[in-house]
Amino acid sequence: MTASVLVLNGPNLNLLGTREPETYGRETLADIEAACTRRAEALGLAVTFRQSNAEGELVDWIQQARGTHDVLVVNAGAYTHTSVAILDALLACEVPVIEVHLSNIHRREDFRHHSYVSRAAVGMIAGLGGHGYELALEAAARMVETG
Ligand code: CA2
């Protein structure tokens, strides 16, 4: 059976490619989605790619991932640093989580150094731009392969 990966994106990531290219690069979220779709196909994975600015909607999607998806790839945006609700949902969903950030959050302001998401994540990829999402899909493929 084809393994299924849910890629979740949090607030303001819909603005990618329009502003702050020095921090987030010039790729749009649609570009990253297209690259993920291509990479998932090559890896034999099914991928669902979503973005929301609403914390509750992200929590709903994480809850629904239980029993539906095999791996969660999460860039929770600024909720990474604030949301216990997203952490609780990730801990409850019983799906392995890979955390992704476009920027290296540890090179940035102090308030970005702490991640609630990390407490629920198997691993984290940060600072490699959109390529980090593709690397997360590679890790997901290895994870489902090795069980
Ligand atoms: O580096 C990342 O991927 C972040 O998750 C991005 C978040 C930020 O709050 C995290 O600390 C690190 C912000 C996403 C906002 O993206 C924008 C893109 C273009 C213009 C404005 C915001």
Side-chain angles (χ1 to χ4, degrees), residues 1-66 68-83 85-87 89-90 93 95-146:
M1 233 172 61
T2 307
S4 171
V5 180
L6 176 61
V7 181
L8 288 185
N9 294 281
N12 297 311
L13 285 160
N14 54 314
L15 299 177
L16 276 183
T18 63
R19 272 178 276 152
E20 300 189 42
E22 62 292 343
T23 307
Y24 298 117
R26 294 195 183 277
E27 268 185 312
T28 65
L29 197 60
D31 293 333
I32 294 174
E33 178 173 7
C36 282
T37 303
R38 280 194 301 271
R39 182 61 70 108
E41 214 174 285
L43 292 164
L45 298 170
V47 71
T48 304
F49 196 94
R50 290 190 174 145
Q51 187 273 333
S52 178
N53 293 326
E55 187 176 20
E57 189 164 36
L58 292 162
V59 167
D60 286 342
W61 287 340
I62 294 164
Q63 288 183 7
Q64 289 157 16
R66 189 165 177 266
T68 310
H69 297 285
D70 299 290
V71 181
L72 260 171
V73 173
V74 179
N75 182 351
Y79 289 141
T80 302
H81 318 296
T82 63
S83 180
I86 287 175
L87 169 62
L90 291 171
C93 78
V95 178
V97 174
I98 302 172
E99 180 177 1
V100 171
H101 296 286
L102 296 157
S103 61
N104 180 352
I105 57 175
H106 296 290
R107 279 184 82 172
R108 301 184 64 193
E109 306 95 321
D110 286 355
F111 66 85
R112 295 187 204 272
H113 295 179
H114 177 262
S115 164
Y116 282 103
V117 171
S118 288
R119 288 192 72 99
V122 178
M124 191 227 261
I125 298 163
L128 302 178
H131 186 225
Y133 286 72
E134 294 182 63
L135 295 174
L137 289 178
E138 278 186 29
R142 177 77 62 93
M143 238 175 243
V144 295
E145 216 174 85
T146 57

Atom CZ of residue position Arg26 - does it have more than 12 heavy atoms of other residues, nucleotides or ligands inside 6.0 Å?
no

Find the distance between CZ (Phe111) and OG1 (Thr82) and round it off to the nearest 0.5 Å.
11.0 Å

Are the side chains of Glu27 and Leu102 in contact, using a 4.5 Å heavy-atom criterion?
no

Closest non-hydrogen atoms of Met143 and Val122, given as atom of the first, atom of the second and distance, are CE-CG1, 4.0 Å

For Val100 and Val7: C-alpha separation, side-chain torsions, deciding distance, then whether side chain to side chain contact (heavy atoms under 4.5 Å, CB included) applies.
CA-CA 10 Å; Val100 171; Val7 181; over 6 Å; no

Closest heavy-atom pair, Asn53 versus Gly10, reported as atoms and distance to 0.1 Å, is OD1-O, 4.4 Å

Quick one: does any side-chain atom of Thr80 pair with a main-chain N or O of Gly77 as donor and acceptor, under 3.5 Å?
yes

Tell me yes or no: between the side chains of Asn9 and Tyr133, is some donor less than 3.5 Å from an acceptor?
yes

Does some side-chain heavy atom of Arg108 sit less than 4.5 Å from a side-chain heavy atom of Asn104?
no

How many angstroms lie between atom OG1 of Thr2 and atom CD of Glu41, to the nearest 0.5 angstrom?
11.0 Å

Pick from Leu13, Val73, Ile62: which one makes a side-chain contact (heavy atoms from CB on, under 4.5 Å) with Leu8?
Ile62

What pair of heavy atoms forms the shortest contact from Glu57 to Ser52, and how long is it?
OE1-OG, 2.7 Å

Tyr24 and Ser103 have their tightest heavy-atom pair at CE2-OG, 4.0 Å

Closest heavy-atom contact between Ala89 and Val59?
CB-CG1, 4.1 Å

Mind checking the CD1-CD spacing from Ile125 to Glu138? Nearest 0.5 Å is all I need.
9.0 Å

Heavy-atom side-chain proximity of His106 to His113 below 4.5 angstrom
yes

If I take atom NE2 from residue His81 and atom OG from residue Ser115, how far apart are they, to the nearest 0.5 angstrom?
7.0 Å

Looking at CZ of Phe49 and OG1 of Thr37, how far apart are the two atoms once the value is rounded to the nearest 0.5 Å?
8.0 Å

Mind listing the closest non-hydrogen atom pair of Leu137 and Cys36 along with its distance?
CD1-O, 3.5 Å

Can you tell if the side chain of Leu58 reaches within under 4.5 Å of the side chain of Glu55, non-hydrogen atoms only?
no

The reported gap from CD1 in Ile105 to OG in Ser118 (rounded to nearest 0.5 angstrom) is 6.0 Å

